[in-house]
Asks: 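Take this structure first; my questions come after.
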Amino acid sequence: MVQWTDFERATIQSVFEKMDYDDVGPAALSRCLVVYPWTQRYFGNFGNLYNAAAIQGNPMVAAHGKTVLHGLDRAVKNMDDIKATYAELSVLHSEKLRVDPDNFRLLADCLTIVVAARMGAAFTADVQGAFQKFLAVVVSSLGKQYH
Amino acid sequence: MSLTAKDKKMVKAFWAKVSGKAEDIGCDALSRMLVVYPQTKTYFSHWKDLSPGSAPVRKHGGTIMGGISLAVASIDDISAGLLSLSELHAFQLRIDPANFKILSHNILVVLAVLFPNDFNPEAHVAMDKFLAAVGRALSEKYR
């Protein structure tokens, strides 16, 4: 089981409490589709993903970005058993959506960059460490049911 | 995933905007790396103070940014431009190349913190590709 320090717990709660999901979700997903264009393979039916401007203006990308970010809520509320919390979602991503689990890491990196940009100096090295540890646990849990 | 003409143009333009803060960028990126990826501290056992923003960290961050600047200036042939740095890393420093990715990630985080509006997705992808190319050039002589 993952061990969290008090600082890490408090940091994760605080970062997500202050987060504007409607801004961060779309920003993270659209950044991922621009920075790692092969991730577009999962969004063939999302319409125009032709260039960065199109991706950032695409309403389906924005909607899906919010969905994905809200998906993190359960992990934020259940930090002591993220693996069990995400078992079903892991199966979904593996068997139905067939997403290469490396993509979770790519999206996590983009989310880190977006949160860093929003928080500025408040995104200290210690906060970055806690945030990246949280996302690493999420990424690992989402990949757990692949076989 | 080599650098296109568009990437090079973006990197040069973005670097022109941010290079005034090069030392701060280097210091912050290195500080974050040592905190968030503690295994990287193994390369600096000879430093008295590994805390964020310490004198050796700031100095070395500046040195690293000097190398990045050189790479920007040599962007049309990074391998040639970084030849002596490449030999240094291969034969003397022998830093495991996985760490180039780690430091690159932390540089990108600092760029996001310091330049939230300029570091848009297009600048991000160009800088990510560029830093990956720098990492490849530095590890070229490893074996």
Side-chain angles (χ1 to χ4, degrees), chain A residues 5 7-8 11 15 20 23-24 26-40 49-58 61-62 65 102 105-136 139, chain B residues 1 3-4 6-7 9-11 14 18 21 24-41 50-54 57-58 61 98 101-132:
Chain A
T5 64
F7 173 81
E8 287 165 346
T11 297
V15 169
D20 180 354
D23 164 40
V24 171
L29 183 59
S30 57
R31 190 170 282 252
C32 190
L33 295 171
V34 170
V35 177
Y36 308 108
W38 54 95
T39 58
Q40 293 169 27
L49 299 179
Y50 189 61
N51 54 34
I55 290 169
Q56 287 167 261
N58 186 312
V61 171
D102 198 52
R105 188 182 55 81
L106 299 179
L107 181 57
D109 280 350
C110 286
L111 183 58
T112 299
I113 296 286
V114 170
V115 169
R118 299 296 182 272
M119 289 182 66
F123 195 68
T124 62
D126 289 324
V127 169
Q128 180 185 343
F131 192 69
Q132 289 192 197
K133 178 176 167 180
F134 173 75
L135 289 182
V139 165
Chain B
M1 295 195 261
L3 295 171
T4 63
K6 183 179 161 199
D7 291 327
K9 194 170 164 210
M10 172 63 88
V11 169
F14 185 75
V18 311
K21 290 212 166 152
D24 288 336
I25 295 169
C27 180
D28 195 5
L30 197 56
S31 299
R32 283 174 190 272
M33 185 184 82
L34 295 168
V35 168
V36 180
Y37 302 87
Q39 71 272 18
T40 57
K41 292 192 289 187
L50 285 165
S51 58
S54 72
V57 170
R58 174 161 285 277
K101 282 195 192 136
I102 291 175
L103 182 57
S104 295
H105 169 74
N106 285 290
I107 291 172
L108 296 177
V109 169
V110 172
L111 293 176
V113 167
L114 292 178
F115 306 98
N117 297 315
D118 289 311
F119 195 60
N120 56 32
E122 282 157 302
H124 180 167
V125 62
M127 286 305 296
D128 192 23
K129 286 177 75 174
F130 168 69
L131 290 173

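Chain letters run A, B, ... following the sequence lines, proteins first, then strands; residues in each count from 1. From a predicted model like this one, the values you see are computed outputs, not experimental measurements.
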Asks: Quick check: closest heavy atoms across B:V36 and A:A125, and the distance to 0.1 Å?
Replies: CG2-O, 3.4 Å
Asks: Do you know which two heavy atoms are closest between B:V109 and A:I113, and how far apart they sit?
Replies: N-CD1, 3.7 Å
Asks: Is A:T124 in contact with chain B via its backbone, its side chain, both, or neither, using a 4.5 Å heavy-atom distance?
Replies: backbone
Asks: Does any backbone or side-chain atom of B:Y37 lie under 4.5 Å from a heavy atom of chain A? Answer side chain, backbone, both or neither.
Replies: side chain
Asks: What's the spacing between B:M1 CE and A:Y36 OH if we round to 0.5 Å?
Replies: 9.5 Å
Asks: Apply side-chain contact (heavy atoms from CB on, under 4.5 Å) to the pair A:Q132 and B:H105, showing each step before the final yes or no.
Replies: CA-CA 12 Å; A:Q132 289 192 197; B:H105 169 74; 2.8 Å; yes
Asks: Quick check on side-chain contact (heavy atoms from CB on, under 4.5 Å): which of A:V114, A:L33, A:V34 does B:P121 satisfy it with?
Replies: A:V34
Asks: Which residue out of B:P116, B:A112, B:A126 racks up the most heavy-atom pairs below 4.5 Å with chain A?
Replies: B:A112
Asks: State the CD-CD1 distance between B:E122 and A:I55, to the nearest 0.5 angstrom.
Replies: 9.0 Å
Asks: Would A:Q128 and B:V35 count as a side-chain contact (heavy atoms from CB on, under 4.5 Å) here? Give the steps.
Replies: CA-CA 9 Å; A:Q128 180 185 343; B:V35 168; over 6 Å; no
Asks: Under 4.5 Å, counting heavy-atom pairs only, tell me which of B:L111, B:V113, B:N120 racks up the most with chain A.
Replies: B:V113
